[in-house]
Asker: 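Questions regarding the structure given below will be posed in turn.
Positions are given from 1, in the same order as the sequence printed here. Note that these values count all heavy atoms, side chains included, but never hydrogens, waters or copies made by symmetry. Atoms within a ligand are numbered from 1 in the order they appear, just like the ligands themselves.
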Amino acid sequence: MTPTQDTTVQDTPVQDKPAWQALVEHRRAMGDTSLKRLFEDDPGRFDALQLEAAGLFLDFSKNHLVRGPAGDDTHALLVELARASGVERRRDAMFAGEIVNPTEGRASLHTALRNRSERSVMVDGQDVMPDIRTVLARLRTFSERVRSGDWTGHDGQAITDVVNIGIGGSDLGPLMAVEALAPFAHERLSMHFVSNVDGSHLVKALKGLDPATTLFIVASKTFTTQETLTNAHSAREWFLAGGGAEADIAQHFVAVSTNAQAVSAFGIDTDNMFGFWDWVGGRYSLWSAIGLPLMLSIGADGFERFLDGGHAMDEHFRSAPLAGNLPVTLALLSVWYTNFRHCRSHLIAPYDQYLHRFPAYLQQLTMESNGKSVHMDGTPVTISTGPIVWGEPGTNGQHAYFQLLHQGTHVIPADFIVPLESLNPLGEHHELLLANCFAQTEALMVGKSTDEVRREMRAAGKDDATIEALAPHRTFAGDRPSNTLTAQRFDAFALGALIALYEHKVFVEACIWDINPFDQWGVELGKQLASAVHADLSAGHTVDSHDASTNGLLNRAMRARGLLAGDADSSQQG
Ligand code: F6P
């Protein structure tokens with residue numbers, strides 16, 4: 001099989017399939033039937049449009065889904081689209097270790113990393129589970145030594161600070177998860193994350209740290225990423241300048257990578273390297289050794305609970321019928337809004353301060369995966385694919401961007417994510433958090449008509465002129481859809497399940513759109529050009545090999561940095 005062939009590619013363009021056409025017709029027939037009306041006409045809606053799996057509960061009743069007999073039931077029609085798109089076949093291919101990432105000729109087996117069953121997972125005729133278990137055991141031994149104080153810095157003191165240097169999938173996942181599970185963190189260990197090549201990030205992170213008690217994790221799948229290697233080199237200089245010797249580096253620098261050669265070339269002993277494999281995508285790598293910061297923070301048992309949660313969601317995804325399948329349902333709703341109701345973005349609103357980096361993590365997961373405009377076979381897509389994903393925790397967002405959700409011209413479907421129980425019970429805080437979360441989904445849906453506003457204002461004693469002037473501004477169209485996802489509390493297990501839920505959602509969307517969610521060629525051009533631009537930035541003479549804007553910016557920057565003194569090039573004005 002060549003890298004561009006894949007037995008799982010769809011045979012007919014998705015938009016030509018009868019299942020897609022049925023949805024086009026269904027959407028037309030539905031017209032502007034509002035959510036409010038759907039609830040008024042159907043008292044059983046909440047009970048019917050909900051799902052539960054791996055400790056997560058989804059209420060998806062506040063969506064534009066008509067319930068009706070076969071052929072007139074939105075969810076059933078969407079499920080038919082999933083079936084016609086070969087979702088089950090591609091799902092099984094992914095779990096089985098087939099090449100589901102044909103442009104890189106790879107399997108995608110993050111599910112094997114959290115395979116807690118006795119099942120073997122074969123890649124190229126070999127079971128990958130023994131190697132996965134070996135690395136997990138090494139991670140456990142190492143993290144237990146660091147946590148207990150048995151692994152010390154060069155002068156015998158226990159490690160107090162861990163700095164993870166990585167970017168993208170080698171940063172966002174562990175950072176998000178360490179933050180999410182902060183209540184379970186080891187008391188002595190402070191976790192720090194440095195990703196940006198902006199020196200300020202490293203300088204800020206290292207401020208106040210003692211090199212003798214600091215452990216660096218250099219995390220990079222490829223170990224070629226410019227930002228990570230630049231930060232790692234500067235961290236090493238900081239360590240050496242702070243009293244460490246070359247011989248001490250082994251106690252203070254460990255690596256997580258698939259590239260042993262590059263790790264060794266950097267100067268880290270491969271005995272202090274934790275490996276993973278090319279069939280783990282960067283944005284799916286939190287479950288691998290890339291999760292080391294999380295294991296150090298919450299302990300190996302906690303990390304295994306996290307894997308258990310992911311595995312529980314995997315078991316649900318691979319065995320539940322499509323209609324009762326949580327990730328499939330989230331994906332179908334996304335396709336429904338993206339392709340049939342023309343929404344362009346999707347909000348993630350965690351009502352949980354510990355999940356404050358979850359939207360940023362999901363941005364990489366969803367937009368690096370499904371920001372694609374060619375199908376698996378290389379033909380251009382003629383339908384919209386991955387929506388723009390964004391978000392911030394509630395209730396903060398309510399006092400910022402929620403205005404646009406309620407009264408703006410864009411309809412933005414939203415996921416509200418909230419634990420029913422707080423990890424920090426404090427007075428009435430959690431009741432207020434829950435009340436705000438549920439109230440927002442209600443307000444977005446029901447809105448407030450101009451007549452209601454008039455009545456309210458009249459009751460408040462306002463005169464007619466004021467009422468007529470203000471009523472349009474105080475009217476809410478409503479009819480904004482949302483999902484609400486709850487867990488009893490977001491502990492390690494629930495977080496694992498939540499992440500796996502979204503991973504599979506993204507995968508199912510990609511199956512339907514017939515795109516490859518596992519490659520990321522779109523990030524390459526910027527990397528290539530950055531090398532050329534970097535060389536030009538220290539050219540010492542005016543540059544004219546780019547477009548006029550880029551030349552102008554380069555020359556202006558060189559002049560500002562004193563590298564072009566006396567040069568009379570016109571672009572110095574730029
Ligand atoms: O540039 C994008 C990317 O390749 C991501 O996919 C990846 O997560 C990130 O860079 C970091 O890559 P690495 O772990 O190889 O340093």
Asker: Would you check if H504 and V328 make a side-chain contact, meaning some heavy-atom pair closer than 4.5 Å?
Answerer: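 No, too far: nothing below the 4.5 Å cut-off.
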Asker: Taking only heavy atoms of the protein into account, state which residues are under 4.0 angstrom from an atom of ligand 1, in chain and number order.
Answerer: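 These residues qualify: I167, G168, G169, S170, S220, K221, T222, T225, G282, Q364, E368, Q520, V523, K527.
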Asker: Decide if the gap between the ring center of Y502 and the ring center of Y361 is smaller than 6.0 angstrom.
Answerer: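 No: the rings miss the under 6.0 Å criterion.
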Asker: Between E315 and R119, does any NZ, NE, NH1 or NH2 come within less than 4.0 Å of an OD or OE carboxylate oxygen?
Answerer: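 Salt bridge between R119 and E315, a charged N being under 4.0 Å from a carboxylate O: yes.
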Asker: Can you find a pair of side-chain heavy atoms, one from K207 and one from K204, that are under 4.5 Å apart?
Answerer: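 They are not in contact (no side-chain heavy atoms under 4.5 Å apart), so the answer is no.
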Asker: Can you see whether N483 engages D415 through a side-chain donor-acceptor pair at a distance of less than 3.5 angstrom?
Answerer: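 Note: N483 and D415 side chains meet the donor-acceptor criterion.
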Asker: Establish, for the pair R236 and F266, whether the NZ or CZ atom is under 6.0 angstrom from the six-membered ring centre and no further than 45 degrees off its axis.
Answerer: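 Yes, R236 sits over the ring of F266.
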